[in-house]
Every structure is written in structure tokens, then in C-alpha cells.
Amino acid sequence: MSASNSQYSTIEQIDEIYARVAQTWKSGVTRPLDYRRRQLLQLARMIQENKTLWEDAVLADLGKHRQECASTELGPTVHGALHAAENLEDWARPEKPKVDSWRQNWDATVYPVPKGTALLISPWNFPIVLTLLPLVGAIAAGCPVVIKPSELTPTVSALLARMIEQYLDPNAYVVIQGAIPETTKLLELRWAHILYTGSGRVGRLVAAAAAKHVTPVTLELGGKSPVIIAPDADLDLAARRVLFGKVQNSGQLCVTPDYVLVPTAIASDFKAAMLKAYASFFPINPLDAESQWSKIVNHAQYQRLMNLILTTKGTVIAGGVGDFRRRIATTIVSDVGLDDPLMEEELFGPILPIVEVEDVDAAISVVADRHSPLALYVFSNDETVKQKCLDRTNSGSLIFNDTVWQIVVHEMPFGGIGESGYGSYFSKNTFDVFTHRRSYCNMPAELEPFIGHRYPPYTDDSYKIMCANVNLPIPKN
Ligand SMILES: NC(=O)c1ccc[n+]([C@@H]2O[C@H](COP(=O)([O-])OP(=O)(O)OC[C@H]3O[C@@H](n4cnc5c(N)ncnc54)[C@H](O)[C@@H]3O)[C@@H](O)[C@H]2O)c1
């Protein structure tokens, strides 16, 4: 047992839990749609009936305000579970692909079937929704699941363990509490799918471990998500919306705006707009005891962020201070160069560098020269600018005139590209992650007269028939 937390699972317990969940998978109990539906409704109840407990847990671990907890953790989870329960039958319906007429009596069908027992490894920054939304998809798909939440949010992880045992089928959905040794052990086992959310550093370890068993993986990683301000942008609106994205969970959000690229011609107007938005968001000192803002998750992260504020060569124009409760005032830094320490790693905290560039083309070049981010935000209504951003950059998502709230459009796939990860989920996409599209055919004996030419011995006649597709006419253009 790990010394630091008596609720951590021992290695023997992990083996026992794995065997139990594997047995559940074999029994087929998680497959029927009415079972899946019941579990999904239970998951929604688990949140709704214990709203205050969840809010308190997130408050204890992250100091996150109840409003942020309701809007970004609890609401999306309940909505996601109910949406899956409502659409389950549709998503799980077998499909009849369009086939050539001569194959129509082969009964070609695609069955969406559960992949098998899945592993979810989730991060600390949104410890409820980033654990439970993947779980919703896995339940909907019919997979049993082992869940490993983050050790950095121990109150939420303990609550997840207790609630999931109480509300869901405990033989099919189990939380393992632990840190690196427990995750390492879990990664040695064979899973049907692993969905990992977190840093690229650990993502690489997960992908390497999965490769040993040829296990498919979804990697939801991070990266520096840029903002481009175009000359035609409404600067007050842009400033408010950029700052909104930055204050959510004190910037500890995978799609938080990481840095702003602004053409020199409008840079001073944009800075003024940012300071105006700042004053309206923070009518009192952001570090006041009644603070509404999340704390930084641990001392090491706090220290890392404060060091960045100290070592930047830019000018701190707002914030710049922290306190003993690990809160850092949202900090705006102007005149930041592309070689500044703030422009190296993903910031993942409440610091917003503003980088001046010659024009929108230069901004696009900066984005295109770096790793593809999880999100790219552009403030513009100019169709030429929009098209250039679409054509010349790549990112998990491309959002015009807002930040962060693309995540409420559940119908769109959420995921990264390149260093920001691979695979995507949300809504039916999550169901698809845990689903195998199994091909099915039934070839009746009456086919023999029509397919007899496939059997040896091969003859000139059978060869001619088999060349039919090779000789298909090709259109000129
Ligand atoms: N794409 C997304 O949806 C998304 C969402 C949230 C966070 N993120 C990204 O996650 C990162 C921050 O999250 P984090 O710090 O919790 O990530 P992390 O990678 O440190 O931890 C995530 C999980 O990995 C486990 N882990 C940590 N070290 C390990 C090791 N050596 N071996 C095996 N397992 C290990 C942890 O126990 C935890 O459960 C940021 O980069 C952020 O952008 C991405």
C-alpha cells in the first residue's frame, strides 16, 4: 500500500479487481441496452442527489467556486448521461451498409458492439467531468470500466470511489485510487481501450504501455492554445471573452487561451481593452479572502507559475502576485517576445502573455510553426482571415470570436491533433470510442452457382471474370 494514502489500492487488490471486472465482461451483463440505460440514469442521479457533496469536494481540492463547479463539472455530466440514455437505442442500432445488388442477399450488417473492459485515467483540473463523461460513453457502449482518477484531487477521487460503488454496478465500474505505482500496474494489464486525459509526458508512457498489448488509445492532451486578434475585431468583446477563458479554474484548463498574438497597430488599444475587462471582472482584489477563483493545484505548480512571472522579460500590466493559499491573481503580461520563458511550455495557470506581431499573416505563421494546439481562437469577422486560418493552421478546434465555450457544443468531437493528442470524444463520439463496428455477413448456400468461379483450378474463363474490377472504366476527370 502506498504510504501517503490508506485508501490507495494494493497491487493485489488491483489484480483482484481486474479479474472481477473481466469476469463481468465475460458474463455479458453490461451489454443489454436496458442495463446500460439504467446505469446512465443512476450516474445522473449520483450527481444530482449529491450536488453539495461534489461541490464541497471540488472546493476542498481546488478552491473552485460553486458556480464554476455547476457549469463546468456537474451540469455537463448530468446532461451527458441523460443525453446518452436518451439516444442509446439510436447509437447502438445495427447498420445496413449500401452494397452492390448482387451481394444484397448476404445480409451485410454492421453491429456496434462493446470493445471490452476499458481503462480511464483522468486528470485533476476538472476531476469530475473529465472522469465521468468518458465513463458515460463507456457505459453507453456496454463496456465495464476501471477508473483511475488523479491523486492530486484526493477528496474528489475518494468521493468518486464511494459514489460509483454506491450508485453503479460495483462489479462493472470500479475506481482505483492511487498514484504512479498504481497507474503503472494498471498499464501493465491488457485493456480493450484506454482513454487518457493529461499531460503529453504521461500520454507517451500510456501509449507505449498500450502498444505492448496492441490496445487502442485515446489521448486527450494539452498544449499552448493561441489567440489571434485581427484588426477588424471588436476589442472590448475580445478582451472580455479572452479573459473569461483565462479565469476559468484559474487557467488550469486544457483549452484555456495560452497566449495572445496581436498586430502592433492595435496592440495598445487591445491592452487598454484587457485592463478594462480586468477591472470589471475583479472589482475587488482577486486575492481577497472571499475570492471566487480556484487555487493552484499544488505547491510545485504554484512555484512554477510564480517563477514564470518573476523571470518573464515582458511587462506585468495586471496581477502578478500570489498568496499563501496558493492563489495567483490573473496576470496579464505585455510586450512578450517569442523567445520569452512564457512562450516555452503550456502555461496551465492564470498568466496571459500578449505578443505583438506585424499582422495577421505573421500571427498565422507563429501558430503554424509551433505544435498543433488543442484550440485556436481567432477574433475576426473577416471572411478572408477566417479562410486563411482554416487553410494555413491546424488545431483540435478552430473557434472564432470566443474562447473555451466550444466545449458546450457536445455534438462536435473534442480532441487534439499532433502533440495535443489523438482520438476525440463527447456525446456519440464517446460511444464510438468504446465501440467496435463489427462486420457481419451470412452467405447462403444458394450463392454457389454465382461464385463457383472463385475456386481452383483457375482457368482462362475464371481469370476473365476476376479481371472485371481491374478493367473498370476510369472517368477522364
Ligand atoms: N485534452 C483534454 O481534454 C485535457 C483535459 C485536461 C487536462 N489536459 C492536459 O493535462 C495536463 C495536466 O493534467 P495532469 O497534470 O493531471 O496530467 P498528468 O499527466 O500529470 O496526470 C494525469 C494522470 O496520469 C497519472 N500519472 C502521472 N504520472 C504518471 C506516470 N509517471 N506514470 C503513469 N501515470 C502517471 C496521474 O496519476 C493522473 O491520473 C495539461 O497538459 C492539460 O492541458 C488535457
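Just follow the structure's listing: the first ligand is 1, and inside any ligand the first atom is 1. What you see below is based on every heavy atom in this structure, not just the backbone, and it leaves out hydrogens, waters and symmetry mates.
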Would you mind listing which atoms of ligand 1 come within a distance below 4.0 Å of any non-hydrogen atom of L130?
5 (C), 6 (C)
I'd like the name of whichever of C254, G415, A375 reaches closest to atom 2 (C) of ligand 1 through any heavy atom.
C254
Y18/W191 aromatic ring centres below 6.0 Å
yes
At under 4.0 Å between heavy atoms, what of L221 touches ligand 1? The answer is backbone
Mind running salt bridge (charged side-chain N to carboxylate O under 4.0 Å, His left out) on K271 and E356 for me, showing each step along the way?
CA-CA 11 Å; K271 276 183 255 176; E356 286 182 32; 3.6 Å; yes
Intermediate values then yes/no, salt bridge (charged side-chain N to carboxylate O under 4.0 Å, His left out), E346 and K224:
CA-CA 5 Å; E346 177 183 7; K224 288 176 91 64; over 6 Å; no
Residue selection (non-hydrogen contact nearest atom 40 (C) of ligand 1) among E419, K148, E151, E346:
E346
Is it the case that K64 places NZ or CZ above or below the six-membered ring of F126, under 6.0 angstrom from the centre and within 45 degrees of the axis?
yes
Protein residue, atom and distance nearest to atom 26 (N) of ligand 1, heavy-atom basis:
V202 CG1, 3.8 Å
I want to know if ligand 1 touches T184 in the polar sense, i.e. an N/O pair below 3.5 angstrom.
no
Among L195, I180, V297, the residue with a heavy atom nearest to atom 29 (C) of ligand 1 is I180
Other residues, nucleotides, ligands: >12 heavy atoms within 6.0 Å of E345 CD:
no
for atom 20 (O) of ligand 1, nearest protein heavy atom and its distance come out as S199 OG, 4.0 Å
With heavy-atom distances below 4.0 Å as the criterion, list the atoms of ligand 1 near E220.
1 (N), 2 (C), 3 (O), 4 (C), 44 (C)
Looking at H371, I'd like to know if its NE2 atom is crowded, meaning that more than 12 non-hydrogen atoms belonging to other residues, nucleotides or ligands lie closer than 6.0 Å.
no
Should the ring pair H79 and H83 be called parallel, tilted or perpendicular, given that the plane angle runs from 0 to 90° and is split at 30 and 60?
parallel
Residues, nucleotides or ligands: over 12 heavy atoms within 6.0 Å of Q67 CD
no
If you take the centroid of each ring, where Trp contributes its six-membered ring, are F348 and W124 closer together than 6.0 Å?
yes
Between F348 and ligand 1, which part of the residue brings a heavy atom under 4.0 Å of the ligand: side chain, backbone, both or neither?
side chain
Look at the rings of F426 and F414 and say which category their plane angle falls in: under 30° parallel, 30 to 60° tilted, over 60° perpendicular.
parallel
Return the closest protein heavy atom for atom 34 (N) of ligand 1 as residue, atom name and distance.
T183 CG2, 3.2 Å
When distances are taken from atom 3 (O) of ligand 1, the protein heavy atom at minimum range is F414 CE2, 3.2 Å
Region of L152 that comes within reach of ligand 1 [heavy atoms, distance under 4.0 Å]
neither
Please say whether more than 12 non-hydrogen atoms of neighbouring residues, nucleotides or ligands are located less than 6.0 Å from CD in E165.
no
Among G222, G421, G198, closest by any non-hydrogen atom to atom 11 (C) of ligand 1
G198
Heavy-atom contacts with I121 under 4.0 Å: which atoms of ligand 1 show up? List them by number with element.
23 (C), 24 (O), 39 (O)
I'd like to check whether T197 has a polar contact with ligand 1, where a contact means an N/O of the residue lying under 3.5 Å from an N/O of the ligand.
no
For I176, which of I121, L119, I147, V146 qualifies under side chain to side chain contact (heavy atoms under 4.5 Å, CB included)?
V146
Identify, by atom number and element, the atoms of ligand 1 in contact range of P123, meaning under 4.0 Å from any of its heavy atoms.
6 (C), 13 (O), 16 (O)
Which residue and heavy atom of the protein sit nearest atom 31 (N) of ligand 1, plus the separation:
L205 CD1, 3.5 Å
Answer side chain, backbone, both or neither: which part of S122 comes under 4.0 Å from ligand 1, heavy atoms only.
backbone
Out of V385, V262, V242, which residue meets the side chain to side chain contact (heavy atoms under 4.5 Å, CB included) rule with F379?
V242
Suppose we measure from atom 19 (O) of ligand 1 to each protein heavy atom; which comes out shortest, and what is that distance?
Y196 OH, 2.4 Å
Atom 15 (O) of ligand 1 has as its nearest protein heavy atom W124 NE1, 2.9 Å
Which ligand 1 atoms does L374 reach within 4.0 Å, using its non-hydrogen atoms?
1 (N)
How does L253 reach ligand 1, by side chain, by backbone, by both or by neither, if only non-hydrogen atoms under 4.0 Å count?
neither
If you draw a 6.0 Å radius around NZ in K26, do more than 12 non-hydrogen atoms from other residues or ligands fall strictly inside?
no
